[in-house]
J.: 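Have a look at this one.
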Amino acid sequence: MSNPAVPPRSLAEALRARDDVSLAALLRARPDLITPVPTDLTQLATRAGTRASVVRALERLDRFALQTAEALAVAADPAPYGELLALLAGDDGDPAVSAALPRALGTLREQALVWGDDDRLRLVRTARELLAPSPQHPSPTGLGPTVQEATAGMSPGRIQDIVTAAGLGSTHDAVSAVASLTALFADRRRMSALLAGLPEESREVLSRLVWGPPYGQVTAEPAVHLRRLLDLGLLVPTAPGTVVLPREVALHLRAGRAHREVEPLPPAVEPAATHRPQVVDATAAGQAYTALATVEELLKDWDEGGPAVLRAGGLSVRDLKRTAVALDVAEPVAAFWVELAYAAGLLASDGEADERYAATPAHDEWLEQPPAQRWTRLAEAWLAATRVSGLVGGRDAKDRTLSTLGPGLDRSAAPEVRHRVLTLLAGLPEGSAPSRESVLARLRWERPLRGPQRGDDLRSRLAEWTLTEAELLGVTGRGALSGHGRALLGASAPKTPGKVPEGPGDKLPVHHRPAVAEPLSPAEQATASAAAARLLAPLLPEPLDHVLLQADLTAVAPGPLARSLAEVLDVLADVESKGGATVYRFTPGSVRRALDAGQAASDLHAFLAAHSRTPVPQPLTYLIDDVARRHGHLRVGAASAYVRCDDDALLNEILADKRAAGLRLRRLAPTVLAAQADPASLLDGLRAMGFAPAAESAEGDVLITRAHAHRTPPRTAPEPVPDGPPAPDATLLSAAIRAIRAGDLAATTPRRQTDRPQPATGELPRTSSAETLATMQAAVLTGEALWIGYVNAEGAASQRVIAPVRVEGGFVTAYDHTADEVRTYPLHRVTGVAELAEE
């Protein structure tokens with residue numbers, strides 16, 4: 001551990017001065033730093049300064065923390081705390097900025113983007129390169145280069161002319177002249193007097209450049225008011241025809257502010273409407289039931305094998321339209337339900353040669369669960385899914401259309417955005433629905449866009465889709481988070497109404513803190529889902545065991561039907577309309593479908609009588625008896641195909657019908673007709689002519705045709721695509737910190753001076769086998785610790801600090817400070833040994 005009284009000279013020394021809690025916070029915030037675990041703190045500091053890691057860390061800062069880093073990038077290096085505060089709060093001082101700056105600076109320090117004491121704050125070099133102004137990459141602050149940087153290529157004579165024109169004394173060299181000019185521009189009183197003597201046209205030019213971009217164009221012979229600015233150094237030429245406003249001049253004109261608008265506090269999430277919690281829960285429960293019914297209908301529609309899989313993967317546009325029509329929803333909504341069923345593992349491709357989508361075996365298990373548990377499975381899958389249905393119909397990087405269930409729909413940020421949006425809703429009073437604009441503004445503050453991302457605000461689009469999908473799924477009702485939705489997040493209702501919290505790490509009153517801080521672990525999510533199911537179950541409608549039969553050959557189901565009743569009714573009748581009540585219509589075709597499935601007319605009469613709250617209408621009785629009387633009178637079998645009937649007059653009627661010409665029928669016997677068509681086509685043709693034929697087997701028995709449930713082989717739900725390395729758990733953090741500390745001890749422990757050449761820092765010690773053995777044996781007697789180089793069986797080299805206990809049989813048994821345990825090492829794998837200096 002470094003001496004805290006000595007200021008750190010590098011990021012590695014600053015990390016060395018941290019305690020384990022602080023290191024754990026760093027590794028938790030930036031998990032890419034321990035993938036793999038660094039060998040020591042120097043390697044950790046090096047990795048923390050790489051461009052990819054710094055860019056990732058900057059992208060995860062909130063707006064004010066990022067503005068603080070941007071201000072440090074245009075400040076002196078190192079910069080005192082007072083200079084940073086002045087750049088953010090301005091000359092007049094902003095109390096909100098002064099209060100929020102310690103938190104923002106603490107975030108940057110915790111994430112190793114800033115190091116050093118308050119009197120010597122340093123931004124990590126890579127971050128400074130990314131955020132500092134340059135002609136190729138303008139600063140987000142809109143500031144230009146300093147006077148020293150802008151005049152770097154200017155001749156000493158020209159610099160002396162500027163100094164003289166500004167009323168400053170001439171100097172002996174360009175360096176002191178630039179320093180004198182910089183001091184003038186940084187002096188508020190003298191600078192105000194200098195600007196007051198300029199004509200109005202000159203001050204107008206400066207006002208156009210002050211907030212950026214700081215570059216402007218001039219002609220070879222600039223106007224008088226521009227020439228005056230150039231003579232005083234208020235504009236500095238950087239290239240032929242191009243001038244720049246120096247940073248010190250711009251800061252004076254901005255009253256010391258690095259940003260036009262500083263946002264130290266996040267925008268509040270404002271309620272747009274307030275409803276009674278009971279109304280919200282009832283609305284959400286109704287939508288949850290609709291979600292279950294929609295997914296069931298989707299999978300029932302694909303029960304015998306759904307649409308074909310495109311060669312490139314996914315559904316075709318035509319199949320998505322057909323699915324949308326079948327579900328009676330818009331195409332984007334249909335894409336959402338299909339993707340949700342896929343994310344929950346309820347449908348997948350069957351993997352056959354003619355590959356199609358179908359329900360998985362997990363779908364049958366899902367149907368057997370209580371409705372509330374089925375809903376929580378869908379909701380859990382939605383929360384964790386990285387596939388985004390809202391992207392369907394868009395274009396990928398290669399300008400290919402993105403299709404439902406196809407590749408290219410994964411967005412690793414989706415689960416985090418969904419969770420954050422619902423957390424914001426959970427922070428509002430119960431029954432409060434937020435305005436979408438305030439939610440989007442809050443998310444943009446928490447993760448502001450940088451650079452090329454500004455044109456593609458994916459997080460805002462994900463947030464909008466989250467609000468829409470949460471309503472479709474029944475997590476929210478009327479825009480407000482429901483009670484079961486709150487339980488699903490593991491959140492509790494705010495006890496006191498208040499604003500949504502300002503962000504992680506803020507010292508806010510209890511009722512202003514987040515209702516839930518981060519996604520739950522699998523065990524916590526299981527507990528939360530069980531609680532959500534308990535809250536939702538009483539709100540879902542109880543399934544009915546009856547329908548209302550009407551004289552117009554329809555049946556009205558006034559609510560959800562019990563599964564056994566719904567399955568039989570789906571075969572016996574066709575769905576005519578849906579809504580609060582479902583209307584079924586009985587037709588000759590639907591009745592024949594039930595008879596084909598093995599039902600007898602008596603079975604159908606008994607079924608309707610048992611499940612109707614109204615008497616069975618006479619027209620429906622006549623319909624069933626009439627279809628049953630004709631059903632199977634004609635028999636179709638396989639010759640190529642044949643028709644047989646005991647009534648030769650009926651066969652004569654078929655032969656005389658012009659509609660039978662396509663079947664190419666001919667009489668083989670008085671009661672048998674042969675056809676060139678196959679049995680299935682013959683059945684369809686005769687049914688289209690108004691007959692009710694039945695298929696028969698080779699033995700002459702009537703074939704019972706039931707819906708064939710096509711299932712895929714066992715399939716697992718798709719794994720979400722992670723957003724970078726996963727956050728380490730406490731066990732991994734503890735082990736990683738212990739290994740880093742031990743490796744740092746081995747790398748930094750001072751060695752005793754000997755006549756042998758000492759290895760450079762980071763290199764393994766090198767000694768002969770005899771020297772290694774002798775030093776080890778001596779250390780056993782004296783109890784001293786040694787620094788060794790060791791190469792394991794995989795060839796990986798490492799440095800270790802050990803205290804030898806026993807040396808025998810070609811092995812050394814020692815207490816390894818690196819691993820914090822006693823280990824045995826083969827001596828032939830020890831590259832060398834060095835004695836440690838005495839404390």
Side-chain angles (χ1 to χ4, degrees), residues 59-60 62-63 266-273 275 280 283-284 287-288 290-291 294 320 324 329-340 343 378-379 381-396 402 404 408-428 432-450 452-482 485-486 488-489 500 503 514-516 519 720-721 723:
E59 288 175 349
R60 292 176 170 272
D62 62 53
R63 188 181 301 279
V269 178
E270 301 292 345
H275 311 281
V280 170
T283 304
Q287 194 57 47
T290 302
T294 304
L320 179 60
V329 296
E331 289 176 34
V333 178
F336 167 69
W337 293 122
V338 172
E339 284 289 346
L340 179 62
L378 294 180
W382 172 70
L383 277 175
T386 54
R387 292 183 62 84
V388 180
S389 64
L391 297 171
V392 170
R395 297 277 178 173
D396 63 9
L402 296 172
T404 308
L409 294 185
D410 282 291
R411 295 295 182 272
S412 56
E416 187 269 333
V417 172
R418 290 192 195 105
H419 189 273
R420 185 57 187 152
V421 169
L422 296 181
T423 299
L424 292 176
L425 269 62
L428 293 173
S432 296
S435 66
R436 293 199 171 208
E437 294 74 17
S438 66
V439 172
L440 298 182
R442 176 58 174 270
L443 290 178
R444 282 192 289 266
W445 185 92
E446 293 180 348
R447 292 284 180 85
L449 294 176
R450 294 181 56 253
Q453 294 179 329
R454 292 182 184 273
D456 180 21
D457 191 356
L458 176 63
R459 285 178 62 84
S460 292
R461 289 191 291 153
L462 288 173
E464 293 193 64
W465 291 329
T466 295
L467 292 171
T468 300
E469 293 166 2
E471 193 75 13
L472 283 173
L473 192 53
V475 177
T476 60
R478 299 196 178 187
L481 191 64
S482 63
R486 196 181 300 276
L488 185 72
L489 285 179
V500 177
V516 60
V721 176
D723 184 15

J.: Would you sort out whether Leu425 and Leu467 count as a side chain to side chain contact (heavy atoms under 4.5 Å, CB included), showing the intermediate values?
T.: CA-CA 10 Å; Leu425 269 62; Leu467 292 171; 4.2 Å; yes
J.: Short question: side chain of Ser482, backbone of Gly477 - any donor-acceptor pair under 3.5 Å?
T.: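 Pair absent, no side-chain N/O of Ser482 close to backbone of Gly477.
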J.: Would you mind reporting whether Leu472 and Thr294 have side-chain heavy atoms less than 4.5 Å apart?
T.: no
J.: Could you walk me through whether Thr466 and Trp382 satisfy the side chain to side chain contact (heavy atoms under 4.5 Å, CB included) test, starting with their C-alpha distance in whole Å, then the side-chain angles of each, then the deciding distance to 0.1 Å, before giving a yes or no?
T.: CA-CA 10 Å; Thr466 295; Trp382 172 70; 4.1 Å; yes
J.: If you compare all heavy atoms of Ala384 against all heavy atoms of Pro415, which two are closest, and at what distance to 0.1 Å?
T.: O-CG, 3.5 Å
J.: Flag the pair Pro266 / Asp62 as yes when at least one side-chain heavy-atom distance between them is below 4.5 Å, and no otherwise.
T.: no
J.: Are His419 and Leu489 packed together at the side-chain level, in the sense that at least one heavy-atom pair is separated by less than 4.5 angstrom?
T.: yes
J.: Run the side chain to side chain contact (heavy atoms under 4.5 Å, CB included) test on Glu469 and Arg418 for me, step by step, so that the C-alpha distance in whole Å, both residues' side-chain angles and the decisive distance to 0.1 Å come before the verdict.
T.: CA-CA 10 Å; Glu469 293 166 2; Arg418 290 192 195 105; 4.1 Å; yes
J.: In Å and rounded to the nearest 0.5 Å, what is the CG to CG distance from Leu428 to Leu481?
T.: 9.0 Å
J.: Name the one of Val388, Asp396, Leu402, Thr386 that satisfies side-chain contact (heavy atoms from CB on, under 4.5 Å) with Leu409?
T.: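 Considering Val388, Asp396, Leu402, Thr386, a side-chain contact (heavy atoms from CB on, under 4.5 Å) with Leu409 is found only for Leu402.
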J.: Could you tell me whether a side-chain N or O of Arg486 sits under 3.5 Å from a main-chain N or O of Ala426, the two making a donor and an acceptor?
T.: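 Checked: pair present.
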J.: Would you say that Arg461 contacts Leu391 through its side chain, given a criterion of any heavy-atom pair below 4.5 Å between the two side chains?
T.: yes
J.: About how many Å separate CH2 of Trp337 and OG1 of Thr404, when rounded to the nearest 0.5 Å?
T.: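 Answer for the OG1-CH2 pair, Thr404 versus Trp337, is 14.5 Å.
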J.: Would you confirm whether Arg63, through its side chain, and Arg444, through its main-chain N or O, come within 3.5 Å as a donor-acceptor pair?
T.: yes
J.: Can you give me the closest heavy-atom contact between Ala463 and Leu440, atom names plus distance?
T.: CB-CD2, 3.6 Å
J.: Kindly give the heavy-atom pair with the smallest separation between Ser438 and Ala268, and that separation in Å.
T.: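 Of all heavy-atom pairs spanning Ser438 and Ala268, the closest is CB-O, 3.8 Å.
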J.: Below 4.5 Å, heavy atoms only, C-beta onward: do Thr468 and Arg436 meet side chain to side chain?
T.: yes
J.: Let me see the working for Glu270 and Glu437 under side chain to side chain contact (heavy atoms under 4.5 Å, CB included), right down to the final yes or no.
T.: CA-CA 9 Å; Glu270 301 292 345; Glu437 294 74 17; over 6 Å; no
J.: Taking all atoms of both residues into account, what is the closest heavy-atom pair of Ala385 and Ala414, and its distance?
T.: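 Looking at all heavy atoms of both residues, the closest pair is O-CB, 4.0 Å.
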J.: Quick one: pull up OG1 in Thr283 and CZ in Arg478 and give me the separation to the nearest 0.5 Å.
T.: 4.5 Å
J.: If every non-hydrogen atom of Leu488 is compared with every non-hydrogen atom of Ala379, which pair is closest and at what distance?
T.: CD2-CB, 3.5 Å
J.: Partners of Glu471 by side chain to side chain contact (heavy atoms under 4.5 Å, CB included), sequence neighbours excluded?
T.: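 Side chain to side chain contact (heavy atoms under 4.5 Å, CB included) check on Glu471 returns Thr476.
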J.: For a quick test of reading the model, state the closest non-hydrogen atom pair linking Leu473 to Leu340 and the distance between them.
T.: CD1-CD2, 3.8 Å
J.: Between CZ of Arg459 and CD of Glu446, what distance do you get to the nearest 0.5 Å?
T.: 7.0 Å
